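Worksheet: one structure, shown below.
Because the structure is a prediction, the values reported are computed rather than measured. Position 1 is the first residue of the sequence, and the numbers go up from there.
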Amino acid sequence: MSVMLGLNPAGAADYALKHLEWKRFPEFRDHRQALCDALVAAQVDYLHACGALDDTGDTGEGEYDEDEAVEYLLDALLRAFPLDDAGSVRYCALIDAFLPLFDDYLLSAGLLSL
């Protein structure tokens, strides 16, 4: 797993776990923690892959692309928790709900500024 300086991955996952509207995703009830952990890890990995974070986990020169990020996170979830096409659509909805929460967590932790 890649690192992001100052990020507490468990804290970010717990934040997402507490703030996601799980009633929208009842099919994921039994895997909520594992999904949040996987989403945080995949998001940090994507930040490295796109160059927004450098090898040390500090800010890089790359550009973040939300569409690419969604695809990256979807691929990561499907590798870890395979589902059919209908499940993939539900993962996309979960990712769309997760991304702003991840940003909220980064803002609250002082790791992101607007």
Side-chain angles (χ1 to χ4, degrees):
M1 179 171 126
S2 301
V3 296
M4 177 180 190
L5 290 181
L7 177 70
N8 173 353
D14 287 345
Y15 184 89
L17 182 67
K18 291 176 185 165
H19 290 89
L20 272 163
E21 294 181 44
W22 290 106
K23 65 184 175 204
R24 291 179 46 208
F25 308 102
E27 66 272 33
F28 301 140
R29 177 181 33 248
D30 295 337
H31 305 289
R32 292 182 294 191
Q33 183 68 57
L35 287 167
C36 288
D37 291 341
L39 285 166
V40 169
Q43 178 67 347
V44 174
D45 287 346
Y46 173 72
L47 290 168
H48 278 275
C50 76
L53 292 176
D54 65 18
D55 292 340
T56 68
D58 202 358
T59 303
E61 298 293 322
E63 293 291 322
Y64 182 88
D65 181 291
E66 188 165 335
D67 291 335
E68 286 181 8
V70 169
E71 288 182 34
Y72 195 97
L73 271 64
L74 178 59
D75 288 344
L77 287 182
L78 288 171
R79 276 192 310 277
F81 311 99
L83 289 176
D84 60 14
D85 288 344
S88 295
V89 171
R90 297 299 293 151
Y91 276 162
C92 287
L94 180 65
I95 291 165
D96 284 342
F98 165 79
L99 287 174
L101 293 175
F102 187 76
D103 287 348
D104 290 347
Y105 178 81
L106 294 180
L107 284 167
S108 70
L111 301 172
L112 180 68
S113 58
L114 297 177

Check: Can you list the residues that meet the side chain to side chain contact (heavy atoms under 4.5 Å, CB included) rule with L83, with sequence neighbours excluded?
Finding: F28, L78, Y91
Next item on the list: Report the residues that fulfil side chain to side chain contact (heavy atoms under 4.5 Å, CB included) with R29, sequence neighbours left out, ordered by chain and then residue number.
Entry: P26
Check: Do T56 and D54 have side-chain atoms, one donor and one acceptor, less than 3.5 Å apart?
Finding: yes
Item checked: salt bridge (Lys or Arg N to Asp or Glu O under 4.0 Å) partners of R90, counting only residues at least two apart -> E27
Notebook entry, point to check: Excluding sequence neighbours, so at least two apart, what forms ring-ring contact (aromatic ring centres under 6.0 Å, His included) with Y64?
Noted result: Y46
Identify all side-chain donor-acceptor contacts of residues 106-114 below 3.5 Å with residues at least two apart in sequence or on another chain.
from	atom 1	to	atom 2	distance (Å)
S108	OG	D104	O	3.4
S108	OG	Y105	O	2.8

Notebook entry, point to check: Is it the case that one hydrophobic cluster holds both F81 and L17, taking links as side-chain heavy atoms less than 4.5 Å apart, direct or via other members?
Noted result: yes
Compare every heavy atom of [Y] with every heavy atom of [X], then report the nearest pair and how far apart it is.
| X | Y | result |
| --- | --- | --- |
| P100 | D96 | CD-O, 3.1 Å |
| A13 | D37 | CB-OD1, 3.2 Å |
| A93 | R24 | O-NH2, 4.3 Å |
| A12 | L7 | CB-CD1, 4.0 Å |
| L77 | A38 | CD2-CB, 4.0 Å |

Note, [X] side chain near [Y] side chain (heavy atom, < 4.5 Å):
| X | Y | answer |
| --- | --- | --- |
| L73 | F98 | yes |
| C36 | L20 | yes |
| D14 | N8 | no |

Notebook entry, point to check: Yes or no on side chain to side chain contact (heavy atoms under 4.5 Å, CB included) for L94 and L39, after CA distance, side-chain angles and deciding distance?
Noted result: CA-CA 10 Å; L94 180 65; L39 285 166; 4.2 Å; yes
Next item on the list: With sequence neighbours left out, write down each residue that passes side-chain hydrogen bond (donor to acceptor under 3.5 Å, both in side chains) with D75, or none if nothing qualifies.
Entry: none
Check: Should the heavy atoms of other residues, nucleotides or ligands under 6.0 Å from CG of D84 be counted, would the total exceed 12?
Finding: yes
Next item on the list: Look up atom CG in D65 and atom OH in Y72, then write down how far apart they are to the nearest 0.5 Å.
Entry: 14.0 Å
Item checked: Main-chain N/O of M4 paired with H48 side-chain donor or acceptor, under 3.5 Å -> no
